Asker: 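One structure, as structure tokens, below. Some questions next.
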Amino acid sequence: MIRLPIVLFFSAGLFAVGVYGVLARRNAVLVLMSIELMLNAVNVNLVAFSQLLQDAAMTGQIFALFVITVAAAEVGIGLAIVILIFRNRETINVDEINLLRW
Amino acid sequence: MIEQAWLIPVIPLVSFFVIAFLGKRTPGRGATLGILAVGAAWVLSLIVALQQIGGEGAVERSWPWLEIGSFRFEIGTYVDGLAAMMLIVVTTVSLLVHVYSLGYMRGDRRFTWFYAVLSLFTGAMLNLVLANNLWQLLIGWELVGVCSYLLIGHWWEEKENSSAAMKAFITTKIGDVPFQFGIFALVIGAGTANIQQVTHAVEGGELSSALVLAAALLLFGGAIGKSAQFPLHVWLPDAMAGPTPVSALIHAATMVVAGVYLVGRMFLVFEAAAPEALTVVAVIAAITMLIAAVLAAVQDDIKRVLAYSTISQLAYMMAALGIGEAGYTAGFFHLFTHAFFKALLFLAAGSIIHAVHTNNMSEMGGLRRHMPWTYWTFLIGAVALAGIPPLAGFWSKDEIITAAYAEGQTGLWIVALITAALTAFYMTRAVLLTFFGRPRYAEEVHPHESPPTMVGPLAVLAGLSVVVGFVNAPFVGWFSDWVYVGEPHHPEFSFFNAGLSLAIAVAAIALGLALYGRYREREPLRRLGPLYAFAQRGYYLDDIYLGGIVGPVKGPIARGVDWTNQHILDGMVNAAGWVARKLGVATEAVDRNVVDGIVNRVGVATGWTGGLLRYIQSGNVQTYAIVLFAGVAILAVIFARI
Amino acid sequence: MQGFSLDIDYHAILPELILAGTVMVVLLVDLVLRLDRKWWAMPISFAGVLASLGATLSLLGSTPRTTFGTYVVDDFALLFKVFFLAVALVILIVSLRYFREGRYFQGEYYFLLLTSFLGMLTISSSRDLLMLFISLELVSAPAFLIAGLRKRDPRSNEAAMKFFLIGILSAAVMLYGMSLVYGATGSIALADIAAGIEGAGRPLALAGALFIIAGFGFKISSVPFHFWAPDTYEGSPIPVAAFLSVASKAAGFAGLLQIMFVGFAPTSEDWTPIFAVLAILTMTIGNLIALQQTQVVRLLAYSSVAQAGYMMVPFALAGSGVDEKAIAAAVLYILIYAVMNLGAFAVVIAMSREAPGTLISDFAGMSRRNPLLAISMLLFLLSLAGIPPLAGFWAKFQIFAVAIAAEQAYLAVAVVVNSVISLYYYAAIAKQMFFVQGTEDRPLRAPALVSAVVALAAAAIVVVGIFPDLFAGFPGNATLP
Amino acid sequence: MTWEEWAFVVLGVVGLGAAVRLVTSKNVVHAALYLVVSLLMVGAIYLLLGAEFLGWVQILIYVGAIVVLLLFGLMLTRAPIGREALDNQQRGLSAIVALGILAGLVFLLQDAFGDQEIVLRPTRIAEAGESLFTDFVLPFEVVSFLLLAALIGAVTIARKEDAE
Amino acid sequence: MDWFDTWAISLAVFLPTVGAAVVAFVPRAADRLIRALGILFTLIPLIIGVAMLFRFDFGLGGAFGQGGAEALQFRVDASWISAIGARFHVGMDGISMPLFQLTLLLSFLCMIYTWKWLPDPGRPKAFIALLLLLETGMAGTFVAFDLVLFFVFWELVLVPMYFLIGIWGGPNREYAAIKFFLYTLFGSVFMLLGFLAMYFRAEPNTFDMLALQQQGFDVTFQLWVFAGLFLGFAIKVPMWPFHTWLPDAHTEAPTVGSVLLAGVLLKMGTYGFVRIALPILPEAAEIWAPWIGLLSVIAIIYAALACLAQRDLKRLIAFSSVGHMGFVMLGIATLTDVGINAAIFGMVAHGVITGMLFFLAGSLHERYHTREIAEIGGGMMQKVPYLASLLAFTAIASLGLPGLAGFWGEVMALLSAFNPLDSLNVGVYRAFMVVGGVGTILTAGYFLWMLQRVNMGMVPERWQDKPLADVTALEYVSWAPLLVGILLLGVYPRLILGMTNEAVGSLVALFGG
């Protein structure tokens with residue numbers, strides 16, 4: 001028996017940390033990692049709720065499963081783009097990539 | 001025939017178009033046509049008048065014209081004694097002037113156009129006289145105004161001529177506006193514009209007394225403008241810039257009496273609003289006749305002398321009407337006689353000017369040897385105007401004075417007598433300065449008698465000036481049976497008044513002789529010093545009008561309005577456009593062509609929003625992200641508040 | 001829940017199946033094609049899309065039908081599927097020359113493009129959060145990649161990266177919201193959510209809704225989630241920009257309409273204010289910034305942001321008793337907007353072959369160089385500004401109408417004022433084309449196919465504008481349950 | 001506090017701590033390792049909550065695949081070392097935003113689920129598989145396309161030689 | 001002739017559009033052919049219009065109140081947009097007729113004028129096509145009896161005029177064009193909001209003007225809707241202070257553009273008041289009327305003063321339009337049969353006179369290549385006597401000389417202000433009347449002054465030896481109808497009032513007047 005709020009607070013914390021990372025890190029790969037944190041926060045939520053609701057279809061967990069899959073795909077795409085940029089620009093610092101503006 | 005009176009104005013109007021469009025190709029380059037047309041009108045007028053006198057009574061004829069709202073307005077003619085008399089005056093003088101102009105205007109640059117406009121004027125004036133309803137009358141009223149404008153400005157190469165023309169038009173227009181309002185009042189009150197129905201409605205007391213009074217006064221406003229009464233008289237002297245025949249026709253005999261005619265035509269309205277309305281008329285008239293006569297006495301330009309004289313004589317007529325029914329006939333009788341001898345005077349003056357090429361009497365003198373015809377005719381006119389029996393002026397003027405006396409209008413009576421004296425005085429002055437003394441004109445000028453085309457009309461008018469007085473002389477008094485309101489007032493001869501006015505006139509003439517008998521270079525009246533100067537400047541009325549009203553309106557006020565338009569109203573619009581466009585950014589303008597310049601004009605508001613947005617759109621994706629979360633936060637707040 | 005027995009309605013998902021098949025075919029064919037034949041991928045894709053379109057049309061009248069529990073094929077879904085496939089055809093047409101001449105990765109491009117459209121087909125039928133999420137990702141992920149296809153151009157790379165980062169970020173946010181909704185209502189099926197939303201979980205569910213709105217806000221490029229759009233449009237290949245500004249935006253709306261008008265319908269009074277604010281902000285800011293642009297694609301990007309603002313107005317009217325009208329208005333606007341915008345982009349694509357910079361000033365003298373393009377462009381711009389009698393006017397007209405019917409006149413006024421502002425920068429382009437004498441004066445050649453598309457779109461704009469009845473009817477039927 | 005809660009708190013604190021280090025460390029490789037830790041903790045939490053299947057997936061896919069992928073990324077991009085090199089100028093602002101979100105969420109969640117409790121009931125992998133292949137076939141198929149697209153696309157984008 | 005009754009309006013309105021389409025397919029080289037087509041496709045509608053005059057029953061009254069539908073002639077009521085119940089509902093009554101005719105006539109004359117004069121940068125094809133489109137928009141506005149249809153025609157006018165100004169205009173054309181476009185669009189969208197509000201308030205929802213007149217909305221609602229409509233119409237008229245787009249547009253526009261702007265476009269606004277605002281929102285109209293009257297008289301004085309300050313001839317004429325429309329609006333603001341009749345008469349008269357004035361200004365510019373009064377410096381009477389005389393004639397007509405067209409509209413408007421609708425404050429309106437009277441004096445002032453500065457005086461030596469052609473045959477052809485019209489309307493105002501009086505009567509009946 002676990003009190004739900006504890007779990008949720010944990011996930012919220014994870015989410016917040018992820019957000020911070022996304023906003024504060026300039027290295028693109030680190031940004032990706034931070035996003036992974038946020039997705040994990042989501043998953044924790046989903047699992048917790050699915051366990052709370054005890055629904056036979058385990059919707060929450062399956063949902064989380066899909067989130068993981070999608071996350072994997074996205075990471076692939078993201079890294080591909082990062083590498084592409086690195087090849088053209090010799091940097092992957094997000095805040096230096098601002099040719100396009102205003 | 002009298003039913004066909006509509007032909008009388010129509011003929012000249014048609015001839016206007018003919019002359020204007022193909023006059024140059026006709027024999028006499030338009031003049032012949034014009035004379036024929038006016039001649040025809042003259043003949044018809046005579047017939048109509050005779051029929052009228054023959055006791056046909058008032059004849060009205062009308063055709064439907066326009067419906068607007070509940071109003072049904074008709075166009076038509078109304079011939080009664082007054083109208084018939086006016087027809088005679090207008091056509092006769094007009095005909096003579098047409099003939100006279102053959103000589104006077106020979107070789108003029110716009111000879112044909114001149115005749116075209118003369119025709120137009122005649123037609124318009126006749127239409128004014130015959131109109132049976134107020135709108136039609138108004139049309140004639142304004143048309144003669146335009147003709148006067150065109151003819152005064154006939155020699156528009158010189159700026160002062162065109163300015164004089166404008167002044168005439170605008171000044172009379174100022175009177176016309178109240179005139180229109182007066183018409184409104186009557187039309188609204190009576191539900192029709194037909195003059196007879198209106199007057200009867202007024203008589204029948206269908207209109208509230210206040211409305212009637214307002215109507216009367218407003219109408220009189222029109223009369224003040226047209227008949228050059230104080231304070232709108234200032235345009236007439238300047239109008240002398242036009243060719244002299246025009247002055248004779250329009251500014252002496254016909255158009256300027258339209259005001260008097262109007263008051264007479266709507267007399268019942270004025271009576272219904274008595275005493276106030278008539279009193280106003282009388283007072284204005286009194287003031288006018290006096291000040292004008294004084295001015296006439298100090299002019300050097302012979303035409304201006306006559307012009308001011310005209311003003312004061314018109315005031316005489318007005319005054320007569322102001323007296324009431326008793327003066328009605330007298331007033332129009334004076335109009336009748338005055339038309340002839342004043343036209344005569346003008347034409348004679350024209351002949352003089354024709355000879356010496358100047359208007360200034362100080363540059364004339366001793367002309368009677370060179371141009372006897374002109375001299376004698378002018379003299380006749382002068383004497384007639386001065387009111388010496390048995391010439392026309394004496395009878396008509398005397399009847400007015402008598403009427404004033406009889407009606408106990410003492411003030412008016414005195415003013416009239418003074419004016420009579422002044423009149424005699426300035427005419428003496430004019431005659432002496434022009435025809436007597438030693439020549440003062442430049443020696444290269446060789447004055448000569450004018451051609452018959454000019455002298456002929458002079459002679460005719462002179463003859464008329466002698467005889468027409470008798471049509472209403474005491475013990476004759478036919479005129480009184482033609483033109484009257486209520487009951488005919490036959491003039492009864494009062495030795496007292498006759499003698500008095502005669503004596504005064506003689507005295508004035510004597511004074512004139514004394515002053516100007518041995519005139520040298522110096523104007524004797526200058527001894528009056530400041531008074532003379534004051535009169536010379538026409539009491540500074542013109543300066544007041546120009547400096548006080550016209551100048552500011554044309555100058556600062558107009559410019560101010562225009563500035564407001566460009567900078568305030570338009571500025572706001574542009575500012576709106578600019579703000580909308582600028583609300584994105586403080587610096588670069590996308591579209592220089594559209595609102596360039598406003599950029600500098602309107603202040604640097606609202607740039608910061610743009611600055612902010614631009615800062616955010618920095619190209620740094622993480623800034624975008626922060627804003628994204630900020631957005632979520634804001635939305636959350638909105639949520640919470642709901 | 002139907003246990004093991006899977007009775008799949010294949011007809012219902014036939015369009016998706018065909019398109020999926022096409023995707024594989026394109027992929028395989030690309031492997032065997034010689035370099036100078038790579039462009040064959042386009043006709044193949046075209047044929048596949050046509051087939052799928054046919055399949056979709058074959059479903060007309062036999063709706064609604066449901067399969068896989070929550071996969072619904074109703075009029076709404078059909079309308080959007082037809083729409084998406086039609087758009088796909090246009091995008092394919094305008095892409096051909098561009099990618100062939102640019103020698104970009106044609107096979108992969110068409111493969112990814114179609115995959116994205118596959119996601120759009122599924123999103124229009126999805127009625128639960130999971131499917132919506134996955135479909136949305138299926139729409140986005142390929143888009144991230146094709147935005148970067150001009151690999152040699154760092155701007156293109158950058159476009160892709162920004163698009164990707166913001167995309168994935170908002171996806172995460174949206175997911176968190178979904179998880180909250182799931183927790184609060186105990187279900188991910190929209191219908192059940194609507195049922196379970198009342199009660200203790202309500203504020204949480206609304207917070208979830210908020211996050212979801214944010215996630216979709218990215219997709220439809222609503223302020224303040226729009227910043228990626230101009231940069232990405234400008235950087236990516238122009239056909240892709242067209243694709244993003246029309247198709248993927250529409251996909252976002254398709255999803256959002258369902259979530260809001262079905263899932264969260266019961267609590268509309270809570271979230272309508274948000275949409276009111278977002279709509280006004282979006283149209284206003286979009287327009288104001290657009291006023292400043294000198295680069296056409298960027299200008300169109302901001303204009304499409306503003307247009308999104310108009311499309312969001314109906315959301316703010318939910319629950320005022322005019323839901324059906326509101327949805328119809330939004331859908332109608334999306335459809336007409338797609339025609340106008342695609343047309344405009346097609347013109348830009350045609351022009352970009354000579355002026356890759358695509359500055360507004362490059363349009364100078366267009367009326368001389370290529371009257372057809374110039375006049376069509378003028379029609380598109382006026383239509384976007386909402387000048388009658390063009391289709392764009394009817395789109396806006398519907399929005400006004402609903403707003404006033406819902407007695408929310410202030411929204412109508414906002415739209416009004418904004419359409420006037422917008423005219424200002426649309427007119428700027430028109431001015432260049434007609435008033436300004438260009439430096440270049442020789443005729444501007446446009447690919448036949450592109451010209452055809454442009455002419456077709458222009459004709460549609462006018463015809464629909466004069467006889468709205470030909471068209472205005474069926475969005476009305478396509479209402480959500 | 002039941003023992004499960006104690007266990008959870010421990011795992012959670014470690015996980016969060018690792019997460020925080022991940023977003024603050026000055027060395028990208030360390031950061032990657034912190035990520036591993038954090039993800040492992042999450043996986044452990046799944047197991048603790050009784051979601052066995054998910055837990056193992058988490059450990060295998062994430063730690064086994066994604067992190068490796070990210071590490072490759074780091075290698076390929078030779079990321080520099082040091083805070084200035086790794087953090088941008090808006091740290092403070094970011095922190096505020098993150099804390100704000102945290103606060104908001106905590107408030108909301110406390111408000112909504114203050115008294116709820118999870119009864120730990122292990123779910124068998126079989127059940128998961130079953131529902132995955134019955135109710136969720138369609139998403140499964142769709143997501144496969146997503147993966148395919150991601151694969152092909154990533155290769156296209158990332159491969160060195162500019163084809164054609 | 002039934003087919004004629006059903007098709008007349010549609011033909012007259014849409015033939016020009018067809019013409020535009022045809023012209024579009026004529027090769028650019030065939031210059032003459034294009035212009036000839038332009039004349040042809042404006043001539044046919046004109047003929048149709050004249051034919052309609054003979055088929056028209058002037059006794060039927062106007063399309064207002066109960067009997068409205070019967071009064072509507074040449075009526076076509078076809079389904080158009082079933083979704084919102086907007087219909088293609090066109091028809092003609094005594095109020096539409098004169099303006100409709102005016103539109104067809106002016107368009108035709110402009111085409112004739114264009115046969116010879118086409119401002120830079122040439123491009124007759126586009127020019128003619130746009131003029132034709134413009135005609136459709138203008139003519140349609142005056143016959144539409146469905147609000148949506150009305151709006152569509154109303155807006156249809158904007159685009160062609162925008163390009164006419166923007167491409168063929170003067171040096172400052174682009175600014176003027178965009179200003180015109182945005183300003184009028186801004187107004188018209190609020191008008192549209194008003195339409196929609198009425199649509200939804202109506203039971204059942206309808207855009208049909210006749211049906212809406214039967215609604216009897218509550219007063220507060222009326223006030224708001226009237227405000228919206230007012231914005232749209234007043235900007236178009238234009239009423240002070242919404243007039244600032246007009247001087248720029250008129251000044252920059254090419255000659256025929258100015259002619260149509262002044263001749264027809266301005267009337268769309270006033271017509272809107274008469275056709276839509278008054279009958280559908282009578283109570284609101286009564287409340288708003290004094291304010292409209294106030295703005296009108298302000299406009300009269302203001303415009304006159306502004307004219308006194310103008311240095312550019314065309315700009316002066318433009319401002320004078322503001323003043324004249326002030327008289328028109330004053331007439332409308334009285335809500336009396338006299339006033340509204342006067343207003344419509346004033347519209348037509350202004351269309352003829354000011355149209356003529358702009359023609360003259362254009363030809364003057366053709367010769368002198370300047371419109372600066374100071375530049376011309378007088379002496380036109382000597383240099384180009386006929387042109388000068390026509391200018392004088394038209395100017396004098398414009399200052400409202402009795403016996404010419406300008407007079408009746410002006411004086412009847414003032415007359416109506418003497419006793420407005422009973423429910424309105426007589427004192428206020430008489431004050432308006434007086435101010436208006438002053439306005440007439442100022443009007444005379446600036447026109448005569450203009451004549452003095454342009455026509456009279458000696459020819460400045462800079463023009464002395466410049467050969468300037470006097471009025472040419474083609475100009476006479478394209479002007480004669482207007483000149484004759486000015487005279488005819490002046491002496492026989494029944495030509496217009498005969499059409500309008502009945503119709504206006506049935507309109508005023510709605511006010512119990």
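Not measured: the values here are computed from a predicted model. Every heavy atom of this structure was used, including side-chain atoms; hydrogens, water molecules and symmetry mates were not.
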Asker: What part of L52(A) lies closer than 4.5 angstrom to a heavy atom of chain C: side chain, backbone, both or neither?
Answerer: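 Contact with chain C is absent: no heavy atom of L52(A) under 4.5 Å.
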Asker: Take the angle between the ring planes of F218(C) and F163(C) and call it parallel below 30°, perpendicular above 60°, tilted in between.
Answerer: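 F218(C) vs F163(C) ring planes: tilted.
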Asker: Quick one: which of S11(A), A12(A), S34(A), S50(A) has the most heavy-atom pairs under 4.5 Å with chain C, could you say?
Answerer: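 Top count of heavy-atom pairs under 4.5 Å with chain C: S50(A).
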Asker: When you compare the side chains of Y182(C) and N45(A), does any donor N or O come within less than 3.5 Å of an acceptor on the partner?
Answerer: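 On atom types as modelled, these side chains do not qualify, holding no pair under 3.5 Å.
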Asker: Considering only heavy atoms, which portion of Y176(C) lies under 4.5 Å from any heavy atom of chain A: side chain, backbone, both, or neither?
Answerer: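 For Y176(C), heavy atoms of backbone and side chain both lie under 4.5 Å from chain A.
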Asker: Measure A171(C) against the heavy atoms of chain A and call it side chain, backbone, both or neither at under 4.5 Å.
Answerer: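 Neither the backbone nor the side chain of A171(C) comes within 4.5 Å of chain A.
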Asker: Whether the S170(C) and K219(C) side chains hold a donor-acceptor pair (N or O, under 3.5 Å, no angle test) is what I'd like checked.
Answerer: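 The answer is no; no qualifying pair exists.
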Asker: Quick one: do R298(C) and D231(C) make a salt bridge, cutoff under 4.0 Å?
Answerer: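 Counted as a salt bridge, because a side-chain N and a carboxylate O are separated by less than 4.0 Å.
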Asker: Is a side-chain donor-acceptor pair under 3.5 Å present for E16(C) with T122(C)?
Answerer: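 Not at all, the side chains of T122(C) and E16(C) share no donor-acceptor pair under 3.5 Å.
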Asker: Among A41(A), A73(A), G60(A), who wins on heavy-atom pairs under 4.5 Å with chain C?
Answerer: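 Result: the option with the highest number of such pairs is G60(A).
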Asker: Return the orientation label for the F15(A) and F211(C) ring planes: parallel under 30°, perpendicular over 60°, tilted otherwise.
Answerer: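 F15(A) and F211(C): tilted rings.
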Asker: Side chain from CB out, backbone as N, CA, C, O: work out which of these in T69(A) comes under 4.5 Å of a heavy atom of chain C, or both, or neither.
Answerer: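 For T69(A), there is no contact with chain C at all, as no heavy atom is under 4.5 Å.
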Asker: What part of L32(A) lies closer than 4.5 angstrom to a heavy atom of chain C: side chain, backbone, both or neither?
Answerer: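 Contact with chain C involves the side chain of L32(A) alone.
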Asker: Which answer fits L129(C), side chain, backbone, both or neither, if we ask what part of it has an atom under 4.5 Å from a heavy atom of chain A?
Answerer: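 Its backbone and side chain both get close to chain A.
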Asker: At a 4.5 Å cut-off on heavy atoms, which part of A64(A) comes close to chain C: side chain, backbone, both, or neither?
Answerer: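 Interface part for A64(A): neither.
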Asker: Under a 4.5 Å heavy-atom cut-off, does chain A meet the side chain of L175(C), its backbone, both or neither?
Answerer: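 The answer is both parts of L175(C).
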Asker: Checking heavy atoms, do the side chain of I134(C), its backbone, both or neither come under 4.5 Å from chain A?
Answerer: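 For I134(C), side-chain heavy atoms alone lie under 4.5 Å from chain A.
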Asker: Check L27(C), V240(C), L145(C) against L112(C) for a side chain to side chain contact (heavy atoms under 4.5 Å, CB included) and give me the one that passes.
Answerer: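 By the side chain to side chain contact (heavy atoms under 4.5 Å, CB included) criterion, L112(C) pairs with just one of L27(C), V240(C), L145(C): L145(C).
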Asker: Can you tell me which residue among Y233(C), F117(C), F345(C) is in a ring-ring contact (aromatic ring centres under 6.0 Å, His included) with F243(C)?
Answerer: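 The ring-ring contact (aromatic ring centres under 6.0 Å, His included) with F243(C) is passed solely by F117(C) among Y233(C), F117(C), F345(C).
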